[in-house]
Amino acid sequence: MIYTNQLGEQIEISQADQQWLDDAYFTALQCRLPFDAKRAALEYRVSTKGQVDHDDIPMQKIACRKFAQQQGWRVVMEKAEKGVSGSKVSASKRDVIQELRTAASHKEFDVLLVYMFDRLGRIESETPFVLEWFVQHGIEMWSTHEGQQRIESHGDKLMNYIRFWQAAGESEKTSMRTRDRIRQIVSSGHYAGGFVPYGYRAVNKGRVNKRDQPVKDLEVEPEEAAWVREVFEKVANEGASGYAMARMLNERGLRTRQGAKFQSCNIRRLIQHEGYTGYIISRAAKSEYMPQLQIVDDELFTKANEMMDSRCKTAAEQRNAARKSVNPTLLAGIIVCAHCGAKMSAFLHKDRYKLANGTIRENVQAKYNCYQRGQHLRPCDGQSLYLAERVDGIVLDLVDQMFQQIKQEPYDRSIEQRIRQQDAELNRKKQAAEKKIQAAQHKQQRYEEEIVRCLDGQSAFSESTLARLIQQAEAEVQQAKNEYTALLKDNSSRTTVQQIRKYYDEFLGWANEFDLASIPRKRTILAQLLERVELGKGYQVRIVVRGSYRQFLADQM
């Protein structure tokens, strides 16, 4: 009989040992034991999926059955755990441990035998007390390798704890070796196993591991890759929500790798997976760029994630995307009331009115609503409702003027020069702020050193005077640091010379495609171009262009 252990090594089990796996043979031996023999429970456990696949339990079973027979114990139960980590899963969540505890409470066995004590677990803060619990309930604890564990003295308790502390350390070392190996495999551009993302498949390409066993590599699966790209494009370019994308995939009959229907969380994880830009990624490492695995480019990946992030709850105040991607209006998410400053919602409003002949007529129109005004939640002297068609038409006229202007205006190199001048001025201010911090800290240090002289009676300052001076110096240091922090924050939010051309090309691209774009695409363009649209009584509209694009317009709007 050939046995494959968790390391993939081929081990031959002798004929003498194989018979211990035969239940009939073992039962016949057990029947020869005296009636009053101690009753034993045997517990086996393997941790990893690899061990389950290779069935690492036979070796434990052979050793435990042999040991129990040699000791003259009658085996009354055998419990096996497959694929259960002793270092990650608490004993309270392990069914076998709980079953053994219940049986021990009912005095159903006298001895609990394991291959090694780490089969009980490897959590140093918990497993020693699991073993101690069995001992306190009258159960002898035995291991085929380590003998009996007694808890009769303080030294026994210490040795019990040290044993599992050492087992936990071995588990950590094993995890570290595994992570390092996975990091090496991934860094070298190879698939290390595990979950295969949508858009890819794992195939044998002739590569073998160090044991000369075939291993798989990733390649793009064309059909899945096509709809992965579609999801990215709809999220990035049309502002489609995770719910809408999940519904679209479900309606096509597609399912997750587990065979379940798609949920919005599945779409979010898909959009956030950087591997689609051409990398193999694990928790431990990221490979070099692999063009043969790229499904979406970096720009599309970034846009899709920015759009997805704009919908999250933490960005509710800055949200500029429509809450629903099927919204019939153009300005949902960026339109605000000019009177109270609150964001306005868009919805379909049904008007009912009676004609002279008594006929009831209904008219459904999209409208923008100042919810704060309608519900009297804050002072607002504006209108409650505005016809969306009329507002959208006004905004489209203004946006068309901007697009015509950007088409006619050539790229202005003076903008780059202005940014360079601003950067130089900012660097000068940062250097001045750093000198101010150093001067204030030096002053504070001198006053603190003067305290020693004051205690020795050699200072011209009194203690109260020094305390006041030190307090003033500390305030100066903090103020200087605050000024420097503000400069750093301003620097991080500034547009660079490299970005300025990108913004111009993006602006010009929107201008060229806007007229022929779909409604969802127009809504997404407006959300990226406009910071907000202020709507006031009498359909007074003011649009505020984002600063990154405002600099290309001759007139402020």
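In this chain, residues are counted from 1 in sequence order.
Remark: the backbone N or O of A260 is paired with a side-chain donor or acceptor of T256 at under 3.5 angstrom. Using a distance-only test at 3.5 Å, with no hydrogens or angles considered, no donor-acceptor pair links the side chain of S90 to the main chain of K93. Between the side chain of E146 and the backbone N or O of F117, at least one donor-acceptor pair lies under 3.5 Å. Under the 3.5 Å distance criterion, the side-chain polar atoms of R207 are matched with a main-chain donor or acceptor of K216. In this structure, the side chain of T524 engages the main chain of G239 through a donor-acceptor pair within 3.5 Å. Judged purely by atom type and a 3.5 angstrom limit, N305 has no side-chain atom pairing as donor or acceptor with the backbone of T302. The backbone N or O of G199 sits less than 3.5 Å from a side-chain atom of E224, completing a donor-acceptor pair.
In this structure, H137 has its ring center no closer than 6.0 Å to that of F134.
Heavy atoms of other residues, nucleotides or ligands lying less than 6.0 angstrom from OH of Y243 number 12 at most. Counting non-hydrogen atoms of neighbouring residues, nucleotides and ligands closer than 6.0 angstrom, the CZ atom of F67 exceeds 12 such neighbours. For CD of E230, the number of neighbouring non-hydrogen atoms (other residues, nucleotides, ligands) closer than 6.0 Å is greater than 12. No more than 12 heavy atoms of other residues, nucleotides or ligands lie within 6.0 Å of CD in E223, so this atom counts as exposed by the packing criterion. In E299, the CD atom is not crowded: 12 or fewer heavy atoms of neighbouring residues, nucleotides or ligands sit closer than 6.0 Å. By the neighbour-count criterion of 12 heavy atoms within 6.0 Å, atom NZ of K205 is densely surrounded, having more than that number from other residues, nucleotides or ligands.
When side chains are defined from C-beta on, Y115 does not count as touching Y44, because their heavy atoms never get closer than 4.5 Å. Under the 4.5 Å side-chain criterion, counting only non-hydrogen atoms from C-beta, Q263 is in contact with N266. Under the 4.5 Å side-chain criterion, counting only non-hydrogen atoms from C-beta, L29 is in contact with W20. You'll find the side chain of D297 stays beyond 4.5 Å of the side chain of T277, heavy atoms only. Between E238 and S518 there is a side-chain heavy-atom pair separated by less than 4.5 Å. V75 is listed as a side-chain neighbour of Q30, based on a closest heavy-atom distance under 4.5 Å. Looking only at side-chain heavy atoms (C-beta outward), L120 and R45 stay at 4.5 Å or farther from each other. A heavy-atom distance below 4.5 Å is not found between the side chains of I139 and D110.
One side chain, E132 or Q136, offers a donor N or O that lies under 3.5 Å from an acceptor on the other. Between the side chains of Q18 and D22, no donor-acceptor pair is found at a separation under 3.5 Å. Between Q294 and Y289, the side chains place a donor N or O and an acceptor N or O closer than 3.5 Å (distance only, hydrogens not considered).
Shortest non-hydrogen contact noted between M77 and A103 is CE-CB, 3.9 Å. Contact between I280 and L293 at its shortest, heavy atoms only, is CG1-CD1, 3.6 Å. Across all their heavy atoms, M245 and V235 have their closest contact at CG-CG2, 3.9 Å. For the pair G72 and L33, the tightest heavy-atom approach, listed with the atom from each and the gap, is CA-CD2, 3.9 Å. Taking every heavy atom of both residues into account, S143 and M116 meet most closely at OG-CA, 3.5 Å. Between Y279 and S287, the closest heavy-atom pair is CD2-O, 3.2 Å.
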Worksheet item: What's the verdict on salt bridge (Lys or Arg N to Asp or Glu O under 4.0 Å) for E140 and K38, showing C-alpha distance, side-chain angles and the deciding distance?
Response: CA-CA 10 Å; E140 294 182 17; K38 288 183 178 179; 2.6 Å; yes
Worksheet item: Given the rule in the side-chain contact (heavy atoms from CB on, under 4.5 Å) test, do R546 and Q528 qualify, once you have shown the distances and angles that lead to the verdict?
Response: CA-CA 8 Å; R546 293 186 179 279; Q528 293 175 292; 5.5 Å; no
Practice prompt. Evaluate the side-chain contact (heavy atoms from CB on, under 4.5 Å) criterion for residues L112 and L131: first the C-alpha distance (whole Å), next the side-chain angles of each, then the deciding distance (0.1 Å), finally the verdict.
Written response: CA-CA 10 Å; L112 178 57; L131 186 149; over 6 Å; no
Item to complete: Would you check, one step at a time, whether the test side-chain contact (heavy atoms from CB on, under 4.5 Å) holds for R229 with K234?
Response: CA-CA 9 Å; R229 276 191 293 269; K234 284 185 175 294; over 6 Å; no
Worksheet entry | Residues Q148, M141; criterion side-chain contact (heavy atoms from CB on, under 4.5 Å); working and verdict | CA-CA 6 Å; Q148 184 179 8; M141 300 298 293; 5.8 Å; no
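Looking at K286 and E274, a side-chain N of the basic residue comes within less than 4.0 Å of a carboxylate O on the acidic one, giving a salt bridge. Salt-bridge check for E219 with R201: passed, with a basic side-chain N closer than 4.0 Å to an acidic carboxylate O. One finds a salt bridge joining R521 and E513 here, because a Lys/Arg side-chain nitrogen approaches an Asp/Glu carboxylate oxygen to under 4.0 Å. Between E43 and R94 a salt bridge is recorded (basic side-chain N to carboxylate O distance below 4.0 Å). Using a cut-off of 4.0 Å between Lys/Arg side-chain N and Asp/Glu carboxylate O, E506 and K303 are scored as salt-bridged.
Taking the ring axis of Y198 as reference, the NZ or CZ atom of R257 stays within 45° of it and closer than 6.0 Å to the ring centre. Geometrically, R65 engages F26 in a cation-pi contact, judged by NZ or CZ lying under 6.0 Å from the ring centre and within 45° of the ring axis. Taking the ring centre of W227 as origin, the terminal cationic atom of R252 falls outside the region bounded by 6.0 Å and 45° from the ring axis.
For the atom pair CH2 (W510) and CG (D505), the distance works out to 11.5 Å, reported to the nearest 0.5 Å. For the atom pair Q478 CD and K481 NZ, the distance stands at 6.5 Å (nearest 0.5 Å). Here the CG atom belonging to D309 is positioned 6.0 Å from the CZ atom belonging to R268, to the nearest 0.5 angstrom. For the atom pair CZ of R39 and CD of E108, the computed distance is 8.0 Å after rounding to the nearest 0.5 Å. Of the inter-residue distances, the one linking I271 atom CD1 with M308 atom CE reads 4.5 Å to the nearest 0.5 angstrom. Taking CG of L526 as the reference point, atom CZ of R523 lies at 9.5 Å (rounded to 0.5 Å).
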